[in-house]
Structure formats: C-alpha cells, structure tokens
Protein chains: 2
Amino acid sequence: MATLKDVAREVGLSVGTVSRVLNNRGYISAETRANVRAAMQKLDYQPNEVARSLSRQRTSTIGLIMPSIEHPYFARLISCLERSAYERAYKILLFCAYGIPDQEKKFVEACRSNRVAGLIICSDSVRTETFSNLGFPLISYERYLDSSDACVLCDNEEGGGLAAKELIERGCRRPAYLCGRSRVGMPADMRKDGFLNVCRQYGISPETYLFEADRMLDVQYCPEIISFLKEHPCTDGLFCGSDVIAAEAIQAASVLGIDVPGRLKIVGFDDVLPAVLTSPKITTIRQPVKEMAKACIELIDKKNSGESVPSRSVFHVSLVRRGTT
Amino acid sequence: MATLKDVAREVGLSVGTVSRVLNNRGYISAETRANVRAAMQKLDYQPNEVARSLSRQRTSTIGLIMPSIEHPYFARLISCLERSAYERAYKILLFCAYGIPDQEKKFVEACRSNRVAGLIICSDSVRTETFSNLGFPLISYERYLDSSDACVLCDNEEGGGLAAKELIERGCRRPAYLCGRSRVGMPADMRKDGFLNVCRQYGISPETYLFEADRMLDVQYCPEIISFLKEHPCTDGLFCGSDVIAAEAIQAASVLGIDVPGRLKIVGFDDVLPAVLTSPKITTIRQPVKEMAKACIELIDKKNSGESVPSRSVFHVSLVRRGTT
DNA sequence: AAATGTATGTCAATCGTTTAACATGTTTGA
DNA sequence: TCAAACATGTTAAACGATTGACATACATTT
C-alpha cells in the first residue's frame, strides 16, 4: 500500500509537507494542498493508523470486556457502545471473557498491549483482581470496581422497588424474586434489596429464589421455575432478574396452565428484545442503556483530556408496563 | 509504560537481545533469559503491540462489519466469531454499518487504515460497491460479494425446502412465506426459492409476503402479520424468514385467537435465542453458526499463509422441531 | 532600512519494535 | 589441529507516520 513517502515523491515534496496537509497543520498553499490531495487519490493512499498511533503515542481504540455477547442485554449494550464510539471517532476492540477472571485478566493485558484509549469492563472478578497502572482510563459498567476510574450503572435498587410497587399495586400479595447469581455488590443483589424494601413497606415478605447454575444463556431456567411454582403454588407475582428469565417464566406458567397476567403477574428487567417478543409482552424495568453507553465513552474522552470525572454515574430506571401485569 | 529499552537497561543488555528472548528467536542462555524475564516482571513490561505491528507489517486484528449487533442472529454470530478469533490469537475490531452502503465503505477504509489481518463483512451494498486492492483477505458472510476472496454461507435454499417439507407433512395446505427484504442473491430470496420449489413438488402454491419496512429491529412486524392473516384467513402454515419474525407471528396468532400449532403451524429460521423463549418454542431451521464463524477465521488464516481457499463454503442447515409444528 | 509577520517548505529525531548482518567465543569431531 | 557448528550478544536499518526546529522569501509596518 502507498505510504506518505510515495505521495511525497509523486508531488515532489517532502514527507513533512505532505503530513501537514494530511493533518491540516501549519501553512500550506491552496495549490500544494490540491496537488497533494490529488496524488493521494491517485495512489489510493490510506494513512497507516498503526504508524500514526505509534508516533502519536495513542490510539483511537476502546477496549470492551464483556461477560457475554449473545445475551440480549449485552448485545444491546455493545451495540450502543459501538454507536457512541463511532460518533466520537473511536473504534471498538471487543473481548468476551464469559465471566472468567483469568480471561478477563488476559484481555486487560491485551488492551494494555494495544495501548487502547480506554477500557470498559463489565467484570465478574470484581473482588478477585485489582487493575492498576493501566495507562488508560478504566470504566466499570454495572459493577463496583475499586480500581476503576469511574463506574456507570443504573439504579438497580430503584428498579427493584418499582417492580415491587407494580406487582403489589396490581394486586399481588405473594410475590417472589427470581434471579441468577447474587454476589454482594452485583446488580442482582441490589435489585433484590430494592424489591424487598418496598415489599416490606407494604407489609409483605416475598420469596426469593436463586437459580442453581448461572451460565447466562447456556441454561434454560424454565424447569427450575416450574419446580418453584409447584412448591409455592400461592405465588401470584414474579419479579425476574432479567427479561430472559421473565420470558422463561411465561413459558413455565404456560406449561402449568397458569394464566398470565390473570393468576400470575410478571415483571422483568432490562427492557431488551425478548420483552417484546413474548405473548403477552413483558412489563419490565427499563435501563437507559443508550445513555449509559454514551456516558462510558464520554467519561473516557474527558478523562483523557485531563478533566476530572464523577467516580459514579447512576442512571434512573423506569417501569414499562406491558402485558404481564 | 516500560519499553524494551528500559528492560535492556535494567539487565544491561541490548534491546536486540531482549527482543530475542521476547520472541524466542536465536540463541539465548538460560541465565540471560531468566534475567530478562525477571526485569520484565519487575518493570511490569507489556510489549507494545502497536510498535510490533508496525515493525512486522501486520496486525493480529480481524475487522468485522455487520448490519446489526443487537439482532439475535448477529449477536450470536459475533459471539462465535470472537471465540474463534480468540482461539487463533486474533482480536476483533467491531463495526456496525446498519446496512448503509456509505457506512460500510467508511468502515472498510478504517480496516485498511488499521491494516487488519482480514475482514469479514456481511454487506448490504453487495452490488453497489466493489472492494479491491484491500491488502488483506475479504470474507463475505451470507452474501455473494464479487470482490471477496471467499464467501461463507448456509444452504438457504435447503433451509427453505426443509421448512416447506415440515409444514406440508404436518398437514398444511395453505402455507405462506413471510420475510423482510428480498433482493436477488440475498439469503431471504434463496430461502424463498427453496420453499417455493418444494411446495411446487407437492402441488402447492404458497403466498409470499414481504414486509414494508426493513430496519432489522426498529420495526415490529406483528401488526403487518395480523393484517396478513386477516386477509388470508385460510393460511395454515407460516415459514418466517427469521426466528424474530416467527416470534412475532406467534404474537399475531395470539392476538387473533389462532391456536399454534393447532390451526396455524410456524417454522422460523436461524435457531437463535428467541426460538426458545416463546411459548410454544419455535420449530426452526438451524444454521451452524459456530462452524461458519470458525470457517471465516480459518479462511483468513489460510489466505494469509498463501494457501488457496475455496471461493465458497456452504453449510448444511437442519430442522429443529419444537412446539410450533 | 530594519523589524515584524506571513507563507511555504525541508530536516531529522522520535515512537517501540523486529531482524538481518556481524562479531566473538567455545565446543566438537575427524 | 583446523574447520564446522554452536552459543551469545551487538548494531543499525527498517516500519510509516508526527512534529519541533530551521531556512527562505516576500509583504507590511514603523
């Protein structure tokens, strides 16, 4: 591929001059500029971003380390991040660590090697590993990571509360909370807190069920939900840790011949695609993923410009009422 | 961050020597090797991949240009591609072009600038643009792209045929095909061909309905499906262009009080998450996405090693029978 | 006429590696 | 004993840009 030198030779100038028209720096006559541009066109010149990055000592790449790509929530998140990145002229380097601390560590190193402009991580080794001296801003998404420069999360507790309120106001007296992992400080745990608190305010004490396995999408929760509903036949409301779980709760109800929302009301979380693909559609807690993604990118930008940024950015969630309540 | 020079200074050697232990080239005494490694450890040295790439004249990054990230099919595809890439020590540079030719072109240029090791594109400007002289292998996914080095796709026609066979053998006499865009050479078009051909063999001539809009996920197809079913009340089978569409077909049936699979049978396509989140679960045509993704990465690898590769790799699909037929 | 500012362009160091070409010993084997 | 092979390490030129320091020429001011 053609280099700056080739272009320079073509128009009979030094590479320095050509570089200046490329970067719009210094004084350049209109004629020279035109000549250079023409030569670039002619040689199909494409600036070598690798060389540029080395010289400038920075890249325009943002690393992403996610626990899943296929899960609808992360698919949506990654999609939003890509868009926000694009709007600010960043590219996305994508890694999927499947929640395995060892992989996360490896990918963090990969990001260091590649001198990314920033790293957004949704880590599951929050307490295991401390990342420091990275050389670029580290944004923790939906997790509290001590070594991060900033955390971006939604108000999970508020979400739990909204769900409780919805279920109870719609008549539920025996609600339950269903979710996967629930380590302290993780979103699911905070959703539970919010849920339980509001229930308590209404004088209700709900069941809580944590799924055995927690492999994101590998497992089907439906059988476990069926067992749960059989063991707690009076349950009249379910707050599910995600829309995927909520969808499977609908399946479970369908299998057991329980009418939704008649005999059982369901509230999901996230407001992602599955919430609108089921029958009935799922009442859920909406996370403003787009805004949260935008915040991540902006935080990196600001941090890199030397601005100081809030260590936590918490976003409000809202209830989206559909067919399951 | 520490550089090779720093490490060299630390152990009192030249950078050349240090580079050799880093790359396991040439003769190095065990002692020197140990010293160097210790120094690297001590200085928390991390090789600068940017400099490396510049020097080696190649990166270990594979570009991905997709029309969507959030759509379950692409979420799955990207997930599989990331895994296969990781297994071969590649990283993923992710772009989403939303099917906009202009964006695709821009991203192809970005990949050129970044000197990717290869580019996998699921392009919607197949006929609009010709990419040539890229400097790296171009793999076209699920599309026939003239300027590509290789195409990877599933046997969409076979899939259409399988769907027709399933519907008809299960008793449908008035099946219909529902899908989004349908330009010649696109998967949807080939699925239709396969579907129509097999129907014809059975002496049946099905309806075909193309959705107005085609914005992947922005649009809800449900209302259009409802209209269709109202206008064609005898329809007893639906072959949907994707599982997402199939899920919405179930919703439409539910709204109209049509029993699935009793009065209406449905076959989807892809076999991705939504297929197992609905009630009933969707009978669908399974694409071996994992294998297809692996093939993409391997093709790039081989092409870069000078091997010649098949210009087309077509994968068999299979019927996965679930609750909608 | 000297000083200042504007306009145009060149030069060479630098970014952090890789790698071919050398230099210099030390073993071995015939 | 001499050459070949082995072992260890150095040097310096790439890779393809960026960028501060200069050089030169002309047009205005003062």
Side-chain angles (χ1 to χ4, degrees), chain A residues 1-37 39-40 43-61 89 109-117 135-136, chain B residues 1-37 39-40 43-61 89 109-117 135-136:
Chain A
M1 234 178 285
T3 72
L4 258 201
K5 205 193 270 180
D6 298 326
V7 177
R9 190 182 310 123
E10 175 79 18
V11 288
L13 290 172
S14 72
V15 303
T17 306
V18 177
S19 169
R20 272 166 53 185
V21 359
L22 189 60
N23 296 289
N24 284 310
R25 280 169 4 96
Y27 298 112
I28 292 286
S29 69
E31 198 195 336
T32 303
R33 191 183 310 275
N35 287 340
V36 170
R37 295 229 187 282
M40 286 180 169
L43 299 180
D44 191 21
Y45 171 76
Q46 199 67 26
N48 184 329
E49 202 60 42
V50 179
R52 251 206 241 239
S53 298
L54 178 60
S55 182
R56 291 190 176 141
Q57 297 270 67
R58 69 193 147 80
T59 67
S60 56
T61 301
E109 292 309 315
C111 286
R112 289 228 300 156
S113 267
N114 284 278
R115 303 295 193 268
V116 296
F136 47 77
Chain B
M1 232 178 286
T3 71
L4 259 200
K5 205 192 269 181
D6 298 326
V7 177
R9 190 183 309 120
E10 176 79 19
V11 288
L13 290 172
S14 73
V15 302
T17 307
V18 177
S19 169
R20 273 169 48 187
V21 1
L22 189 61
N23 295 289
N24 283 311
R25 279 170 7 95
Y27 298 111
I28 291 287
S29 68
E31 198 195 335
T32 302
R33 190 185 310 274
N35 287 340
V36 170
R37 294 229 188 281
M40 286 179 169
L43 299 180
D44 192 22
Y45 171 76
Q46 199 67 26
N48 184 330
E49 201 61 41
V50 179
R52 252 204 238 240
S53 298
L54 178 59
S55 183
R56 294 212 249 252
Q57 297 269 66
R58 69 194 146 81
T59 67
S60 56
T61 301
E109 292 309 314
C111 286
R112 289 228 300 157
S113 267
N114 284 277
R115 303 296 193 264
V116 296
F136 48 77

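Reminder, nothing fancy here: chain letters follow the sequence lines and each chain counts from 1.
Distance, B:R33 CZ to D:dG9 C1': 13 Å, rounded to whole Å. Rounded to an integer number of Å, the gap from CZ of B:R115 to P of D:dC15 is 13 Å. One interatomic measurement links the two molecules: CZ of B:R52 to P of D:dG16, which rounds to 18 Å at whole-angstrom precision. The interatomic distance linking B:N48 (CG) with D:dC15 (C1') rounds to 13 Å, in whole Å. When the C1' atom of D:dT18 is taken as reference, atom NZ of A:K5 falls 15 Å away, rounded to whole Å.
Counting any heavy atom pair closer than 4.0 Å across all strands shown, A:S53 reaches no nucleic acid atom. Using a 4.0 Å heavy-atom criterion, one finds that B:S19 contacts the bases of the nucleic acid, with or without backbone contacts as well.
Bracketed by its first and final contacts, the part of DNA chain C lying under 4.0 Å from non-hydrogen atoms of chain A reaches from C:dA7 to C:dG16 in 5' to 3' order.
The shortest distance between the side-chain N/O atoms of A:Q46 and the OP1/OP2 oxygens of D:dG16 is not below 4.0 Å.
Distance CG/B:L54 to CZ/A:R52: 13.5 Å, rounded to 0.5 Å. Of the inter-residue distances, the one linking A:R37 atom CZ with A:Y45 atom OH reads 11.5 Å to the nearest 0.5 angstrom. Atom CD of A:E49 and atom OG of A:S53 lie 5.0 Å apart (nearest 0.5 Å). Rounded to the nearest 0.5 Å, atoms CZ (B:R58) and CZ (B:R115) are 15.0 Å apart. Atom CE in A:M1 sits 7.5 Å away from atom CD in A:Q46 (nearest 0.5 Å). Rounding to the nearest 0.5 angstrom, the gap separating the CZ atom in B:F136 from the OG1 atom in B:T61 is 11.5 Å.
Residue pairs meeting the salt bridge (Lys or Arg N to Asp or Glu O under 4.0 Å) criterion with at least one partner in residues 16-35 of chain A, sequence neighbours excluded, are absent.
Across all their heavy atoms, A:L4 and A:S19 have their closest contact at CD1-CB, 3.8 Å. Between A:S60 and A:A89, the closest heavy-atom pair is CB-O, 3.7 Å. The shortest non-hydrogen separation linking A:V15 to A:A8 is N-CB, 3.8 Å. Nearest heavy atom pair, residue B:S113 against residue A:P47, reads OG-O, 3.0 Å. Nearest heavy atom pair, residue B:N114 against residue A:V50, reads O-CG2, 4.0 Å.
Along DNA chain D, the nucleotide closest to B:G16 and the one closest to A:L54 are compared, and the more 5′ of them pairs with B:G16. Of the two residues near DNA chain D, B:T32 and A:R58, the one whose nearest nucleotide lies more 5' is B:T32. Between B:A51 and B:T17, the residue anchored closer to the 5' end of DNA chain C is B:A51, taking for each the nucleotide with the nearest heavy atom.
If you check D:dT19, D:dG16, D:dG9 against the side chain of A:T3, the one that comes closest is D:dG16.
Annotation: side chain to side chain contact (heavy atoms under 4.5 Å, CB included) contacts of A:T32 (sequence neighbours excluded): A:L13, A:T17, A:I28, A:S29, A:V36.
One axis for each end of the helix from C:dA1-D:dT30 to C:dA30-D:dT1, each built from five base pairs, and the angle between them comes to 50° at 10° resolution.
You'll find the side chain of A:R112 reaches within 4.5 Å of the side chain of B:D44, heavy atoms only.
Less than 4.0 Å separates DNA chain C from at least one heavy atom of each of the following residues of residues 20-28 of chain A: A:R20, A:Y27, A:I28.
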Below 3.5 Å between N/O atoms, which protein atoms pair up with nucleotides 24-28 of chain D? Just atom names and distances, please.
none

